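Please read the structure below before turning to the comments.
Treat the numbers as computed from the prediction; the structure is a model and nothing was measured. What you see below is based on every heavy atom in this structure, not just the backbone, and it leaves out hydrogens, waters and symmetry mates.
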Amino acid sequence: MSHTSEEMMAVAAARRLHDGDVCFVGIGLPSKAANLARATHAPRCVLIYESGTIGAKPLNLPLSIGDGELAETADAVVGVPEIFAYWLQAGRIDVGFLGAAQTDRHGNLNSTVIGDYDHPRVRLPGGGGAPEIAASCKQTLVILKQSPRTFVERLDFRTSVGFGDGPGSRERLGLRGRGITAVITDLGELEPDPETLELTLARVHPGVGVEQAVAATGWPLAVRDDLEESARPTGRELKALRALRTADERERAG
Amino acid sequence: MSHTSEEMMAVAAARRLHDGDVCFVGIGLPSKAANLARATHAPRCVLIYESGTIGAKPLNLPLSIGDGELAETADAVVGVPEIFAYWLQAGRIDVGFLGAAQTDRHGNLNSTVIGDYDHPRVRLPGGGGAPEIAASCKQTLVILKQSPRTFVERLDFRTSVGFGDGPGSRERLGLRGRGITAVITDLGELEPDPETLELTLARVHPGVGVEQAVAATGWPLAVRDDLEESARPTGRELKALRALRTADERERAG
Amino acid sequence: MARIVTLEEGIAELVSDGDTVALEGFTHLIPHAAGHEIIRQRRRGLTLIRLTPDVIYDQLIGAGCAARLVFSWGGNPGVGSLHRLREAVEHGWPEPLELEEHSHAGMAAAYAAGAADLPFGVLRGYAGTDLPAHTMVRWIECPFTGERLAAVRALRPDVGIVHAQRADREGNVQLWGISGVQKEAVLASARSLVTVEEIVDELEPVPGAVILPGWALTAVAAAPGGAHPSYVHGYYERDNGFYVRWDAISRDREAFGEWIREHVLEAAR
Amino acid sequence: MARIVTLEEGIAELVSDGDTVALEGFTHLIPHAAGHEIIRQRRRGLTLIRLTPDVIYDQLIGAGCAARLVFSWGGNPGVGSLHRLREAVEHGWPEPLELEEHSHAGMAAAYAAGAADLPFGVLRGYAGTDLPAHTMVRWIECPFTGERLAAVRALRPDVGIVHAQRADREGNVQLWGISGVQKEAVLASARSLVTVEEIVDELEPVPGAVILPGWALTAVAAAPGGAHPSYVHGYYERDNGFYVRWDAISRDREAFGEWIREHVLEAAR
């Protein structure tokens with residue numbers, strides 16, 4: 001079966017979840033990836049949405065983090081202050097998913113503005129749950145299409161901290177989680193170098209050349225010696241992924 | 001109808017509640033008084049117990065602050081952290097009731113130890129909700145039998161603050177409520193003097209002489225010029241009070 | 001004790017020009033009808049507070065009601081940008097909009113502090129980000145361990161407005177499903193208005209329900225359908241199509257103005 | 001993921017000599033069976049934490065399990081004193097008992113801080129009282145207003161033990177009625193054990209229920225009747241007579257020892 005690059009991203013992200021992982025999930029590709037994991041190799045993955053739904057098991061892909069189906073299928077629904085204080089901040093989340101508009105080489109993320117804060121070229125939605133997800137989850141996975149506009153030398157605004165200025169930064173800032181373990185893009189997967197904590201090309205997706213990934217990165221991208229090619233999505237993965245639909249899509253499909 | 005001095009105390013306390021008052025209630029006479037008020041002139045009195053029951057409307061007098069009937073009849077049941085933070089501390093309670101083992105002339109209360117803290121003659125249960133009830137309720141009513149052992153010149157331990165060392169103390173300590181508005185005893189009712197904030201005899205119960213109240217007080221008790229005699233419990237009050245029973249008492253009564 | 005009022009009375013009495021107003025709702029139970037009434041009553045210079053300003057705040061901002069926005073995520077969920085918000089920020093139209101920008105965790109802690117009448121909330125947050133320059137955050141030291149933590153100034157709105165499933169005739173409010181920060185927003189506010197789908201004789205207990213006692217509220221108003229296009233658990237579904245259509249309507253000043261005139265200003269209350 | 005264990009296994013694996021243990025329950029749902037198992041397994045030198053130490057703590061203290069008590073109100077509710085607690089404090093029998101004494105509000109804030117992994121909680125409390133000398137309270141200044149507030153050190157027990165109505169086979173726990181500080185006590189603890197009246201296939205939703213997800217717990221054990229003489233909402237009533245009888249039993253060292261031998265040590269588990 002052929003697949004789109006977005007499907008490849010969802011599959012690559014889903015594969016990084018283990019059965020039983022407790023995941024803090026946002027809408028879009030993260031939610032798709034977490035639900036794909038739940039539908040395939042990680043049926044006991046616990047999904048937490050920042051709307052306060054713990055252990056949501058949606059049949060349809062939610063369109064927003066506050067869909068009624070999340071509450072209906074959750075083990076528990078708690079208030080937003082509680083979800084951030086007792087669950088996220090307390091270090092109970094294994095994997096946090098984040099998107100962003102920009103990342104730098106240390107996985108610091110911008111989801112606030114492009115351009116100057118006071119006179120922005122583009123005003124983005126803002127941090128939402130991201131700053132503390134990046135700070136407190138045991139690990140964070142970032143999903144983001146790769147281009148020189150998104151993989152930048154210097155962020156316009158630092159909304160969430162990946163590895164700050166490099167080794168020692170997270171410790172100095174008192175951040176409790178390990179930080180970003182992978183950035184999954186439409187071209188491949190980047191992982192922090194164990195020494196420098198700089199995002200390094202660890203995998204390319206099938207059909208993608210290294211030079212393509214390097215060209216799509218605004219800093220001189222380091223490439224791992226043991227660079228791998230991502231395994232192509234399996235038929236089972238693609239089937240499960242394509243079966244994930246929002247209630248509206250399901251309705252339109254009849 | 002004749003009445004006991006304990007009945008007089010409950011009636012006197014109940015009369016100080018207004019319809020619609022939100023009351024933070026402990027077990028024993030406070031609970032009796034609040035439920036008496038609810039059964040007579042103040043049917044919309046809102047009872048809050050520190051177990052987290054808001055708007056409890058028990059048919060039977062509860063034996064503990066955590067009786068199941070309180071939860072069953074409450075408008076809402078919340079956790080203990082919430083009841084103290086969002087409800088008591090936030091200043092939403094009109095009237096707090098407190099008992100104690102000792103009071104001093106400024107209405108500071110001891111419910112911790114008699115004697116030295118480390119080598120007590122009597123180890124009492126401790127503060128429980130009292131310190132913050134005394135601090136945060138708009139007004140506090142104290143119910144306490146009067147004797148030289150309970151109305152003392154100097155507390156063995158200050159568990160809860162009435163008026164501290166006198167005028168200005170509450171403000172300096174940052175306490176938000178007005179403090180104690182009355183101490184209701186088996187002999188009469190004491191109120192703080194508006195100038196000195198010293199507890200002053202404002203009423204004697206029927207059949208009690210002023211000298212009796214003075215003799216039962218461990219400090220030189222000031223007597224208000226306009227000293228009144230408490231109105232005798234009415235037949236309606238006594239009837240309603242005697243109808244208040246715990247479920248066990250009701251069962252034993254058959 | 002909450003007074004039962006009409007929505008028109010409630011907004012007229014509770015919301016004044018220049019007030020700090022929180023209309024809360026986390027995807028679910030968003031008080032659209034109350035927001036429209038604020039637009040109809042032409043309030044100006046409001047400081048609007050909300051974790052997730054979405055379509056109703058886009059409308060309030062585009063209609064010129066707001067001078068300031070305190071928020072943590074401003075977008076059209078699942079669709080994209082809020083074009084009226086962006087235009088106010090990027091071009092100062094129809095009014096310049098000052099921003100105080102938080103994270104969700106920070107705003108949640110700030111509301112909780114407000115509800116508890118504490119002057120600040122404490123969290124592990126904001127460290128290393130560029131947000132502190134645009135929000136109300138200070139650093140405090142734990143008096144026991146010496147750790148450095150973020151302190152956020154408590155949110156204490158003049159008016160808190162939320163929508164709920166139902167209330168009884170005493171003004172006791174019951175809401176269930178995703179409850180967001182609504183309880184905190186109401187308890188943190190000096191005055192509060194709750195719009196409800198219906199006013200009933202008795203509130204049947206419901207699993208997961210949050211109760212707001214009537215005596216802790218200022219006013220309750222019936223506003224059936226008052227959360228549309230968001231949803232009300234147990235009453236109606238989210239009108240996802242509207243959120244998609246809003247993207248086109250809100251991109252254009254004229255289309256936006258037309259929509260507000262037709263659906264808000266000239267709409268039957 | 002919570003393991004389903006027997007009560008005996010749960011206590012053996014989770015509670016060691018010298019541990020800090022919170023057995024919580026606010027009048028309702030007091031984990032008596034778990035307390036008895038601790039006595040049977042002859043744990044020593046425990047720091048016991050609880051807002052309202054009552055009969056079960058009187059038993060643990062009288063049986064010599066405790067070296068330290070962190071509490072805010074220690075009495076036999078509606079009856080009077082805890083005689084074993086008093087004897088430990090007043091006469092050091094059977095062991096001296098060190099006290100760390102709080103108010104309810106202070107302990108609740110300290111548990112909430114522990115559950116949120118903050119090193120301290122903030123409250124308006126303790127000011128002007130003699131308690132600060134006997135508790136863990138410091139004064140902090142609001143970085144925005146300069147107000148002086150109380151800070152309490154977070155409670156982080158080694159083990160949190162609570163009783164609940166039921167759990168499913170995944171260890172998800174459901175409890176309802178008065179819920180006290182149980183959620184906070186469990187979430188603040190490094191390890192947790194929940195005893196339940198029954199383990200069921202599916203947890204039917206119940207109004208007002210608190211859910212503790214199995215993955216956030218260490219172990220769940222069936223202990224039917226495990227809250228007696230306290231009560232379990234929906235299962236059995238409080239045995240008020242027992243609390244009255246306890247007053248006489250506990251006044252006398254010998255009668256107490258006899259009772260413990262008969263009803264705890266030699267009782268079938």
Side-chain angles (χ1 to χ4, degrees), chain B residues 27-28 49-53 62-68 70-72 76-85 88-89 108 110-113 117 119-136 155 157-161 164 169-170 172-176 246-248, chain D residues 25-28 51-52 71-78 80-82 85-86 89-90 99 101-109 111-112 115 121 123-131 133-134 147-149 176-184 208 210 230-234 237-238 240-241 243:
Chain B
I27 283 305
Y49 290 81
E50 67 194 11
S51 53
T53 52
L63 197 79
S64 83
I65 47 159
D67 274 22
L70 298 177
E72 273 157 27
V77 181
V78 302
V80 166
E82 179 179 326
I83 205 78
F84 281 102
L88 176 62
Q89 176 173 279
N108 304 302
N110 174 15
S111 46
T112 303
V113 286
Y117 185 86
H119 303 92
R121 272 186 294 124
V122 185
R123 173 65 233 194
L124 302 164
E132 285 76 23
I133 291 173
S136 294
L155 298 179
F157 191 98
R158 190 190 280 181
T159 312
S160 308
V161 178
S169 263
R170 288 187 69 87
R172 276 193 299 279
L173 293 168
L175 310 182
R176 316 277 285 225
T246 66
D248 284 5
Chain D
F26 207 82
T27 308
H28 178 213
L51 269 70
T52 53
F71 78 112
S72 41
W73 192 89
N76 183 341
S81 288
L82 293 176
L85 165 60
R86 279 183 60 176
V89 172
E90 295 170 16
L99 299 182
E101 185 154 2
H102 291 262
S103 68
H104 282 350
M107 278 192 80
Y111 268 130
L123 72 156
R124 299 186 183 278
Y126 294 106
T129 76
D130 289 338
L131 282 163
H134 303 282
E147 273 176 280
R148 190 168 167 269
L149 295 149
W176 65 93
I178 288 168
S179 63
V181 292
Q182 279 100 306
K183 183 180 208 163
E184 284 75 15
V210 170
S230 87
Y231 74 103
V232 176
H233 207 122
E237 306 261 303
R238 192 168 188 268
N240 292 320
Y243 285 85

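- Only the side chain of B:Tyr117 comes within contact range of chain D, with at least one heavy atom under 4.5 Å from a heavy atom of that chain.
- Considering only heavy-atom pairs separated by less than 4.5 Å from chain D, the leading option among B:His119, B:Arg158, B:Glu50 is B:Arg158.
- For B:Arg170, no part lies near chain D; criterion is any non-hydrogen pair under 4.5 Å.
- Only the side chain of B:Leu175 comes within less than 4.5 Å of a heavy atom of chain D; its backbone N, CA, C and O stay farther away.
- Proximity of a side-chain donor or acceptor of D:Arg148 to a complementary backbone N or O of B:Gly174 within less than 3.5 Å is not detected.
- The candidate with the highest count of non-hydrogen atom pairs below 4.5 Å against chain B, out of D:Gly180, D:Gly234, D:Ser179, is D:Gly180.
- Taking OG1 of D:Thr129 as the start and CG of B:Asn108 as the end, the distance is 10.5 Å to the nearest 0.5 Å.
- Contacts of B:Ser51 with chain D are made by both backbone and side-chain atoms, with heavy-atom separations under 4.5 Å.
- Contact annotation for D:Ala109: neither backbone nor side-chain heavy atoms come within less than 4.5 Å of a heavy atom of chain B.
- Annotation: the span from D:Glu101 atom CD to B:Phe157 atom CZ amounts to 5.5 Å, rounded to 0.5 Å.
- Put simply, of D:Pro77, D:Ala133, D:Ser103, the one with the most heavy-atom pairs under 4.5 Å next to chain B is D:Ser103.
- Side chain of D:Glu90 to main chain of B:Arg123: a donor-acceptor pair is present (N/O by atom type, distance under 3.5 Å, no hydrogens or angles).
- Contacts with chain B were tallied for D:Tyr111, D:Phe71, D:Trp176, D:Trp73; D:Trp73 has the most, counting heavy-atom pairs under 4.5 Å.
- Of all the heavy atoms in B:Pro81 and D:Ala108, the pair that sits closest is CA-CB, 3.7 Å.
- At a 4.5 Å heavy-atom cutoff, the contact between B:Val122 and chain D is made by backbone and side-chain atoms alike.
- Atom CG of B:Asp67 and atom NE2 of D:His233 lie 11.0 Å apart (nearest 0.5 Å).
- Between chain B and the options D:Gly75, D:Gly78, D:Gly106, D:Ala127, the largest number of non-hydrogen pairs under 4.5 Å is found for D:Ala127.
- The residue among B:Pro125, B:Gly126, B:Gly52, B:Gly66 with the most heavy atom pairs within less than 4.5 Å of chain D is B:Pro125.
- With a threshold of 4.5 angstrom between heavy atoms, D:Leu131 approaches chain B through its backbone and through its side chain.
- D:Thr27 OG1 to B:Tyr49 OH: the interatomic distance, rounded to the nearest 0.5 Å, is 12.0 Å.
- Ranked by heavy-atom pairs under 4.5 Å with chain D, the first of B:Val161, B:Ile133, B:Leu155 is B:Val161.
- Contacts between B:Pro131 and chain D at a heavy-atom distance below 4.5 Å involve the side chain alone, from C-beta outward.
- Counting only distance, with no hydrogens or angles, the side chain of B:Glu132 and the backbone of D:His104 share no donor-acceptor pair below 3.5 Å.
- Residue D:Glu147 touches chain B through its side chain alone, counting heavy-atom pairs closer than 4.5 Å.
- You'll find the side chain of B:Thr112 stays beyond 4.5 Å of the side chain of D:Asp130, heavy atoms only.
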